[in-house]
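Presented below is the structure to which this report refers.
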Amino acid sequence: MANVAVIGAQWGDEGKGKVVDWLASRADVVVRFQGGHNAGHTLVVGSQTYKLSLLPSGLVRGKLGVIGNGVVIDPEALLAEIARVSAQGLKVTPETLRIADNAPLILPLHSALDRAREGARGENKIGTTGRGIGPAYEDKIARRAIRVADLAEPETLADKLDELLLHHNTLLRGLGAETFEKQALLDHLLALAPRILPFAEPVWERLDELRRVGKRILFEGAQAVMLDIDHGTYPFVTSSNTVAATAASGTGVGPGTVGFVLGIAKAYTTRVGSGPFPTELHDATGKLLGERGHEFGTVTGRPRRCGWFDAALVRQAVKVGGVQGLALTKLDVLDGLPELRIGVGYQIGGEVLRRLPASPRAQAVAVPVYETMEGWSSSTRGARSWADLPAQAVKYVRRIEELVEAPVTLLSTSPERDDTILVRDPFEG
Ligand code: IMP
């Protein structure tokens, strides 16, 4: 029995929530390995709608949730989310949630710096979620981060705050933003400590035990490959590695434990925030996709930019992300469109490329090369087998498989959990 890692294969918001929830019901433990509370998953279970940002999705299915060391944890946001879902009747206790004692913390000064810097960038802003993700990862790499385990050591906290404040207050002052005071931050952390520490442990050890007794582990990715700090459309990316390899380093297991890599892709493309988006539509079709697909950011509420499926982009994500099978979502949003387009490459200057080059200038001027296909008039919504799909819709999916060089192993045809065509159970490896 394999473990499974789920990652986004575009720019995020591919409908991971439903797929992860469906897989979580087959798993024993669900593990977050990167990102932070910039992610947003909406899960509908019975009459309850849960909005999760930091908590692993499996918690709503009564599975053990683990937050790995690759995640940046805002302790206040974590406690607020626990309080929110507890009010909905969900039990989150140290028995059901474990967090890595070596995970770095997001402090109020990180979100302040995130917002101040975005403000200063003006036109060139990245369009971050403003939650301090980038600055927190910067501190981790710069070796000055406060980590979960430090909450147990007031003296370590005081020393680390000196170093952090020297750095951050200098920057904040330079950006004309309010600075932070050491004692207030120390008091804030000491007050949070007894509420966070009961959840903390070396999660690598627990995962090793679970792995050895054959428990099924689901690694839940956030954001997506094209937002990966190395492989995405840099600098318009998030600050973590979102590829499946991070499931190992971001939790403390070996790469062999990660198992089957399922990439999630929408049957079209969306993006929130700034950055290149070659197949973006600025016309009535783009508007229609946004309306039908309810394309608004879960975390920020921002309208998502919409466009045609970009097979060159997803192929690249498949290769660098290690994707072995695709879950294709929201096919029904395309129902009734007379003609569909699929991006198969980019015209850049005099050249046609089948991949996005690293240069942001080249990415910005990339003109998509399209293949055109006939649409279908009948509905695909709620289909549960290939036989339920119009022939043209099957053709569209098959063409996507060819172009991205990965099989569609799961097709989601509505937000309902059971409206899914399963070609292959990812846990079967
Ligand atoms: P940050 O992660 O807040 O630093 O934002 C960097 C970029 O990643 C921005 O374009 C965000 O809109 C995008 N981003 C971050 N988290 C998500 C997500 O969960 N879904 C989609 N886009 C995201």
Side-chain angles (χ1 to χ4, degrees), residues 6-20 32-43 51-57 70-74 77 81 104 106-107 110-121 123-141 220-243 246 250 263-266 268-277 280 290 293-307 313 317 321 329-330 360 363-364:
V6 173
I7 59 171
Q10 293 157 320
W11 279 295
D13 310 312
E14 294 92 353
K16 278 196 279 311
K18 171 184 155 173
V19 178
V20 167
R32 280 281 309 268
F33 55 89
Q34 48 72 228
H37 65 312
N38 49 349
H41 289 164
T42 305
L43 300 172
K51 288 196 181 293
L52 303 183
S53 281
L54 193 52
L55 291 174
S57 300
V71 175
V72 278
I73 301 175
D74 181 328
E81 195 171 319
I106 301 183
L107 307 182
H110 292 123
S111 34
L113 182 60
D114 194 356
R115 287 193 301 267
R117 263 198 322 224
E118 281 284 271
R121 280 188 190 116
E123 288 272 286
N124 298 322
K125 71 175 196 285
I126 289 165
T128 71
T129 58
R131 302 203 159 184
I133 307 294
Y137 277 116
E138 288 167 32
D139 281 350
K140 166 178 167 168
I141 302 302
E220 177 183 6
Q223 293 85 46
V225 176
M226 283 300 148
L227 289 171
D228 182 280
I229 186 74
D230 287 296
H231 299 288
T233 45
Y234 191 91
F236 300 99
V237 292
T238 192
S239 294
S240 60
N241 282 112
T242 56
V243 292
T246 317
I264 319 279
K266 249 178 231 182
Y268 49 101
T269 313
T270 64
R271 172 164 207 172
V272 281
S274 330
F277 182 173
E280 183 170 12
H294 308 289
E295 299 295 355
F296 295 92
T298 319
V299 170
T300 57
R302 292 178 289 180
R304 296 179 185 139
R305 301 153 66 192
C306 298
L313 188 91
T329 63
K330 293 188 144 181
Q363 289 177 7

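Each ligand, and each atom within it, is numbered from 1 in the order the structure gives. Values below: every heavy atom of this structure, side chains too, minus hydrogens, waters and symmetry copies.
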protein heavy-atom neighbour closest to atom 3 (O) of ligand 1 works out as Thr129 OG1, 2.6 Å

closest protein heavy atom to atom 15 (C) of ligand 1 is Gln223 CG, 3.7 Å

Quiz prompt | N/O donor-acceptor pair under 3.5 Å between Thr242 side chain and Ala224 backbone | solution = yes

Any heavy atom of Phe236 under 4.0 Å from ligand 1? The part involved is neither

Note to self: With a 4.0 Å cut-off on N to O distance, would you call Asp74 and Arg131 a salt bridge?
What the structure shows: no

Distance col, row Phe236:CZ vs Met226:CE, nearest 0.5 angstrom, shows 15.5 Å

Quiz item: Would one find an N or O of Ser239, backbone or side chain, under 3.5 Å from an N or O of ligand 1?
Solution: no

Any heavy atom of Leu227 under 4.0 Å from ligand 1? The part involved is side chain

* Do Asp114 and Thr128 have side-chain atoms, one donor and one acceptor, less than 3.5 Å apart? -> yes

So, the side chain of Arg115 versus the backbone of Gly132: is there a donor-acceptor pair under 3.5 Å, distance only?
no

Are any of the N/O atoms in Arg131 less than 3.5 Å from those in ligand 1?
no

Atoms of ligand 1 under 4.0 Å from any heavy atom of Gly127, numbered from 1 in the order shown, are 9 (C), 10 (O), 11 (C), 12 (O)

Inset, instruction - Check whether any side-chain N or O of Glu118 sits under 3.5 Å from a backbone N or O of Ile126 as a donor-acceptor pair, and report yes or no. - result: yes

Test log, rule side-chain contact (heavy atoms from CB on, under 4.5 Å), inputs Asp13 and Arg304
CA-CA 9 Å; Asp13 310 312; Arg304 296 179 185 139; 3.3 Å; yes

### Message
Apply side-chain contact (heavy atoms from CB on, under 4.5 Å) to residues Ile106 and His37 and explain how you reach the verdict.
### Response
CA-CA 10 Å; Ile106 301 183; His37 65 312; 4.0 Å; yes

Checking heavy atoms under 4.0 Å, the part of Arg302 that sits near ligand 1 is side chain

Note: ligand 1 atoms sitting under 4.0 Å from heavy atoms of Val272 are 10 (O), 12 (O), 21 (C), 22 (N)

A side-chain contact here means heavy atoms from C-beta on lying under 4.5 Å apart; do Thr238 and Tyr137 qualify? no

The atoms of ligand 1 lying under 4.0 Å from a heavy atom of Ile126, numbered in the order shown, are 10 (O)

So is Ala39 touching ligand 1 or not, going by heavy atoms under 4.0 Å?
yes

Honestly, for Asp114 the part within reach of ligand 1 (heavy atoms, under 4.0 Å) is neither

Should Asp13 be counted as touching ligand 1, given the test is an N or O pair under 3.5 Å?
yes

shortest atom 7 (C) of ligand 1-to-protein heavy-atom contact is with Val237 O, 3.8 Å

For Trp11, the ligand 1 atoms with a heavy-atom partner under 4.0 Å come out as 21 (C), 22 (N)

Q | side-chain contact (heavy atoms from CB on, under 4.5 Å) between Thr270 and Lys330, worked out | A | CA-CA 12 Å; Thr270 64; Lys330 293 188 144 181; over 6 Å; no

Is it the case that the side chains of Glu220 and Ser57 hold a donor-acceptor pair, with the cut-off being a distance below 3.5 Å and no angle test? yes

Exercise for review: Give yes or no for whether the N/O distance cutoff of 3.5 Å, strictly under, is met between Thr238 and ligand 1.
Suggested key: yes

- request: Return yes or no for this condition: an N or O of Thr128 is under 3.5 Å from an N or O of ligand 1.
  value: no

